[in-house]
Amino acid sequence: MNIFLTYLDKFIASLNTIANNGDINLPENLNGLIVELPPKKLQADISCNAPLILSKINNKESLNLANFLLKKFQEDFEEFEEIFITKPGFLNFKFKESFWENFLFTAIKEKEKFGSKIDKKKKYNVEFVSANPTGPLHVGHCRGAVLGDTISNILKFNGNEVVREYYVNDYGNQVDNFTKSVFFRIKEILNNENFPENEKDLYPGKYVADIAKNIIDKKKIKNFQNLENIFENLKKSSIEESIALIKKNLKLLGVEHDLFTYESKLVNEEKVEKTIEKLKKKNFIYSGKIEAPESKKNNTHELREQLLFKSTLFNDDKDRAIKKSDLTWTYFSSDLAYHDFKIERGFDELINILGADHAGYINRITAGVSALSDRKKKLTCKVSRLVKLIKNGKPFKMSKRKGDYITVEDLINEVGKDAARFIMLSRNSDVELEFDFEKVKEKSKENPLYYVQYCHARICSVFRNLNIKIDSEIKIKDKVFKLDKYEREIIKKISEWPKCLAISQNKLEPHRIPIYLYELSTLFHSYWNLGKEDKAYRFIIEDKPGSAKKMNLLKLISFIIKSGLSLVGVEAPTKM
RNA sequence: GCGCCCUUAGCUCAGUUGGCUAGAGCAACGGUUUUCUAAACCGUGGGUCGGAGGUUCGAAUCCUUCAGGGCGCGCCA
């Protein structure tokens, strides 16, 4: 139950009634109307800006209008203990205790499901990671991986259908170079031939030798004399090994995709031709020339006629090449085919999680989706910005030279899955993230993950001591339901949880969840410590549970933390 | 040269569709433990929201412009 949305609807209904009686005028739409949390100092639960929005069209001072609406709302609603006006013309509402009592007991029935909204179920495709199958994942891939995974979790939590997809770029130069690299490592192992370290475009990493060894051991290929003869087979095996490695890495992060789609498959099935043909029919393909970028100093650019896609019609800054000079497809054209394949599968929403270095690609591929779907489907791209690694207080630069390359495996071994995920997700993905190994490993308040988990563990300890199962019904009846200022603050915070989840989904911003959980935990820890000063604030009084109000508040907090952490992909320990 | 993103307290950052006196944590200083988990709590100080204009009843948020930082930019994927 999102009280902000509920009361937005209720106020709109009320305003409509008032308008129908001819007492006020309403504009065409009430888009600017909001119901939100008032500033802390105000001692109110929700506030509404109706008088400010409506003052112009009614030609009235907003404070006058506020006075008028205040009286109307007092007549229309009985759940408010108090309604008052603040400065330019806000209406502030304070709920009666009975409202919160009802809220608490309704919410508790939903358990971990509290906060999910299932209004319009949609079918989502979330494509993420999609790293080239040329080696294991490194730290840079992590952020996108946990971002995509968590966005998918949130969408599912809210009742949507989600397919998590990985696009394997197993076609083109890079996998060919990778295959060559594997070949040289095989020769190195079998014949003691040196790996050509200085040859450009090869993959020198140690893992390539491991892959080479696996391929030799599996004996699918018998004779490694001539690369040309075995190239296709070797490529297939090399990619298989890479993907196995990547899947293993993803598992360490707690990420599992539903579907791996291979670029080579689309190429082999002539899906690319078909897609380009489709675009030709729609008149989005033409033969033309594109300029090189200004900055390129060496003027080796050959201005030549080639097949282009009119992405400029859809907000891109230049048209994009469809075929290379050797007449094979560009990466972009097979990606168009891939997205056409997504469109054909009938998703309502397409989401791509891209790394920072691919941000420049967004316009052309969203243009492609618009063109292919006649603007009916929208592709939303979310960029995960760089992770700035800090080790021993200093920035740690990764380079592709072997040695100073941190893989997912290294990361998980060092800080663990939970800490890695929680910290990676605790910042807006639009912003560079500082990832300090020492801080992430710390087991104290310095580390927000432990702070939140500790909150859950503390609540569990209360129920453990009482010998009550945390999800069983509490059978106490309070004589009076009365919230003090601490409890009121907590329940208000709880009422923000559905809103937090809704925004996280709408804006694809999961970082709001760790931040919310941290804030909720802060309130809880303060509340807990009150019991040190004043025994009335204990949850266990003479071996018996305190009031139903208190016990249910605890339960609800623990449910939220548990479900919030599970969305983020992190354990909620019952004991620490 | 062009595009995208960022600039909020000493540091790391919150702050949906503009809203009321801009919020946390860390660091600094001072306190709390025979008591349900101190991996915790309480208190104190700290800000022209990068600069300048503009739109608005109202701007950290929108527009223009300048400065600083990051990431990209031909048929690599």
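- Residue contacts for A:Lys575: at a heavy-atom cut-off of 4.0 Å it reaches a base atom on one of the strands shown.
- The shortest distance between the side-chain N/O atoms of A:Lys439 and the OP1/OP2 oxygens of B:rA27 is not below 4.0 Å.
- Note on A:Ile541: nothing from the nucleic acid sits closer than 4.0 angstrom, heavy atoms only.
- Separating the C1' atom of B:rG47 from that of B:rG53 is a span of 23 Å, rounded to the nearest Å.
- Residues A:Arg421 and A:Thr150 bring a donor and an acceptor atom of their side chains to less than 3.5 Å of each other.
- Residue A:Leu52 is in base contact, counting any heavy-atom pair closer than 4.0 Å across all strands shown.
- Base contact: A:Thr574 has a heavy atom under 4.0 Å from a base atom.
- When heavy atoms are screened at a 4.0 angstrom cut-off, A:Ser334 is found touching no nucleic acid atom at all.
- Nucleic acid contact class of A:Thr86 (heavy atoms, under 4.0 Å, all strands): base.
- Neither side chain, A:Tyr537 nor A:Glu487, offers a donor N or O lying under 3.5 Å from an acceptor on the other.
- Of the side-chain N and O atoms in A:Arg512, one or more sit less than 4.0 angstrom from OP1 or OP2 of B:rG15.
- Spacing of C1' atoms, B:rU16 relative to B:rA60, comes out at 15 Å, to the nearest Å.
- Note: OH (A:Tyr361) to P (B:rC76) measures 12 Å, nearest angstrom.
- Residue A:Glu519 is out of contact with every strand shown, counting any heavy-atom pair closer than 4.0 Å.
- OP1 or OP2 of B:rC57 lies within a sub-4.0 Å distance of a side-chain N or O belonging to A:Lys56.
- In this structure, A:Lys391 forms a cation-pi arrangement with A:Phe437, its terminal cationic atom sitting closer than 6.0 Å to the ring centre and no more than 45° off the ring axis.
- Comparing the same atom, P, in B:rU7 and in B:rG51 gives a spacing of 12 Å after rounding to whole Å.
- Nucleotides B:rU56 and B:rA14 have their C1' atoms positioned 26 Å apart, rounded to a whole Å.
- Taking only side-chain nitrogens and oxygens, A:Arg320 never comes nearer than 4.0 Å to OP1 or OP2 of B:rC75.
- Considering every non-hydrogen atom in both A:Pro510 and A:Leu147, the closest pair reads CG-CD1, 3.6 Å.
- Atom C1' of B:rG46 sits at a distance of 10 Å from the matching atom of B:rA28, rounded to the whole Å.
- Atom C1' of B:rG45 sits at a distance of 25 Å from the matching atom of B:rA38, rounded to the whole Å.
- In this structure, A:Trp528 does not count as stacked on the base of B:rC36 under the 5.5 Å centre distance and 30° plane angle limits.
- Checking A:Gln505 against A:Asn158 by side-chain atom types alone, a donor-acceptor pair falls below 3.5 Å.
- Among the protein residues, A:Lys532 comes within range of the nucleic acid bases, having at least one heavy atom under 4.0 Å from a base atom.
- A cation-pi arrangement is present between A:Lys323 and A:Trp329 under the rule of less than 6.0 angstrom and at most 45 degrees off the ring axis.
- Nucleotides B:rC4 and B:rC63 have their P atoms positioned 12 Å apart, rounded to a whole Å.
- Under the Watson-Crick or G-U wobble criterion, with both distances below 3.5 Å, B:rC41 is paired with B:rG31.
- Comparing B:rG43 with B:rU48, their C1' atoms are spaced 28 Å from each other, to the whole Å.
- Between the side chain of A:Ser526 and the base of B:rC42, no donor-acceptor pair under 3.5 Å is found.
- A donor-acceptor contact under 3.5 angstrom links the side-chain atoms of A:Gln174 to the base of B:rC76.
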